[in-house]
Amino acid sequence: MHSSHSALAGAALLTLGGCAAAGLPNAPLHPKAEAQAAPAALAPFAGDGPVTDFEHWQQRRAPLLRQTFAQGIYGAYPAPLPAHVLGREIIAAHAFGGLGSVEQWEIGLGEDRGAPRFRFHLALVLPSAAKGPVPLVLMQNFCGNAAALRKFKGISAPANGGCETGWFSRLMVTSIFGSRIQEPPFHQALRRGYGIAAFYAGEIVPDAPGPSTFAALEALTPAGTAPDQRTGAILAWAWAYSRAYEALISDSRFDGSRVALWGHSRNGKAALAAAAFDRRLPAVIALQPGTGGASLGRDDVGESIEEITKAYPHWFAPAYRAYAGHHEDLPMDQHQLIGLIAPRPVLIGGARRDVWSDPNGALLALRGADPVYQLSGAPPFQQVDPRQPEMDKPLAYYMRPGLHGVHQSDWDRVLDFLDTQWGAKAR
Ligand code: GCU
């Protein structure tokens, strides 16, 4: 496109984007007083009696809930496939003004006739000044690693559609979804002592409902699984977080006890499911994860089961679709998924004009998960101002102004949360 045309189109788009933003309603700052998550997290459930201690929660209730979430929403959890680092490449030994270095790893999963069954790439940005094992933000990337590290040559490029890296496309994407939608603040993270490891899980299961996606999902579904519980892409990407974590902790430069899964929107759904299904994963940051993530699903606020299963049939078990129009029949809800992460830290970020992702539903889910956290010894979650997360609690929440997307202010909160949780040991 001719550059003056591009600039014009960009200006038009900014104006249109601004109008659209102005026209979208704000979510109320507080959920309705009577609204609450059900069933109560510690109440009897599917033949299991009331939960009175955390041991009971972990030994009996948690496996039952994982099975219930797999059967009704996410599909079967894939069988473990060992992760092997197939190659490590130094992309830049000195980058970000000397603050860090960039590496790219190729990871292979499992083996079939001498070749890995799946492959994906991890891009790693590491602080140069690290004095001990480095804490990490492990993120899944909607627009892939090449968009996140566009100034570096040789970064593998797979990404979702609509993620071209040309300046015009970046202008469009960042004007609508925020300055940090593609690129995390590497300088800031490095200065504060964090490394960032990023991958695009669409390399394992593509993010489009076509034949190659369903073939990958079938291949990941454990043998003997009922067809309506075929693994969904959200749980496959969740499983991919665990595989990336295993590859990373095989390297002694990283601190396996300080790895925070980070995901925005669909990737936030995957990050929550990952920690719920894998007790080793230390912390979760989920921004605007919405339906199938942190927001309650047994109400009719935000994106419905009908809408999400129609637009993204590959994300969930086919069984989930049966609840379209019957959300109140779901036997469980997302507060129980968050309860599965207890006692590990979880930060949920919402946006006031992102009513589609139902920020208040996420607050209700955190409140609903709170009894489980308290049982694990955590102080109560009693946040009064939805705009100010209580960083020193393991459950934290905020709602910022604006639309669906990732802004610098989101990252400021993410890094403050991790500093507080990990005693600023990262500095
Ligand atoms: C769509 C989808 C959401 C999802 C979002 C995203 O809006 O309906 O469920 O969270 O995409 O991933 O950005």
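Quick caveat: nothing in here was measured; it's all calculated off a predicted structure. First listed ligand is number 1; within each ligand, the first listed atom is number 1.
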Asks: For atom 7 (O) of ligand 1, what's the nearest protein heavy-atom neighbour? Residue, atom name and distance, please.
Replies: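 Result: Trp356 NE1, 3.2 Å.
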Asks: I need the nearest protein heavy-atom contact for atom 2 (C) of ligand 1: residue, atom name and distance, please.
Replies: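 Sorting protein heavy atoms by distance from atom 2 (C) of ligand 1 puts Tyr312 CE1, 3.5 Å first.
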Asks: Students should be able to answer this: which protein heavy-atom is nearest to atom 6 (C) of ligand 1, and at what distance?
Replies: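 That would be Ser265 OG, 2.5 Å.
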Asks: Does the pair Asp416/Arg192 count as a salt bridge with the N-to-O cut at 4.0 Å?
Replies: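 Result for this pair is yes, salt bridge flagged.
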Asks: With heavy atoms only and a cut-off of under 4.0 Å, state how Asn267 meets ligand 1: side chain, backbone, both or neither.
Replies: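 No part of Asn267 comes within reach of ligand 1.
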Asks: Decide, yes or no, whether a salt bridge links Glu183 with Arg170 under the criterion of side-chain N to carboxylate O below 4.0 Å.
Replies: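 Yes, charged N to carboxylate O under 4.0 Å.
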Asks: At under 4.0 Å between heavy atoms, which part of Phe177 makes contact with ligand 1: side chain, backbone, both or neither?
Replies: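 It is neither; nothing of Phe177 touches ligand 1.
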Asks: Quick check against the 3.5 Å criterion: does Gln334 have a side-chain atom that pairs as donor or acceptor with the backbone of Gly293?
Replies: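 Pair found, side chain donor or acceptor close to backbone of Gly293.
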Asks: Phe120 vs Phe199 aromatic rings, parallel, tilted or perpendicular, using cut-offs 30° and 60°?
Replies: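 Aromatic pair Phe120/Phe199 classed tilted.
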Asks: Does only the side chain of Glu307 get under 4.0 Å from ligand 1, or the backbone, or both, or neither? Count heavy atoms.
Replies: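 The answer is neither.
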Asks: For Phe142, state whether at least one heavy atom is located under 4.0 Å from any atom of ligand 1.
Replies: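 Not so, Phe142 does not reach ligand 1.
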Asks: Test of understanding: given a 4.0 Å heavy-atom threshold, classify the contact between His264 and ligand 1 as side chain, backbone, both, or neither.
Replies: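 Under 4.0 Å from ligand 1, His264 contributes no heavy atoms.
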Asks: Show me the pairs that pass salt bridge (charged side-chain N to carboxylate O under 4.0 Å, His left out) and involve residues 207-234, at least two apart or across chains.
Replies: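 As it turns out, the salt bridge (charged side-chain N to carboxylate O under 4.0 Å, His left out) pairs with a partner in residues 207-234, which skip direct neighbours, are Asp207-Arg266.
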Asks: Between Arg298 and Asp333, is there a salt bridge with N-O shorter than 4.0 Å?
Replies: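 Salt bridge between Asp333 and Arg298, a charged N being under 4.0 Å from a carboxylate O: no.
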Asks: One residue to check: Glu303. Relative to ligand 1, which of side chain, backbone, both or neither has a non-hydrogen atom less than 4.0 Å away?
Replies: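 Only the side chain of Glu303 comes within reach of ligand 1.
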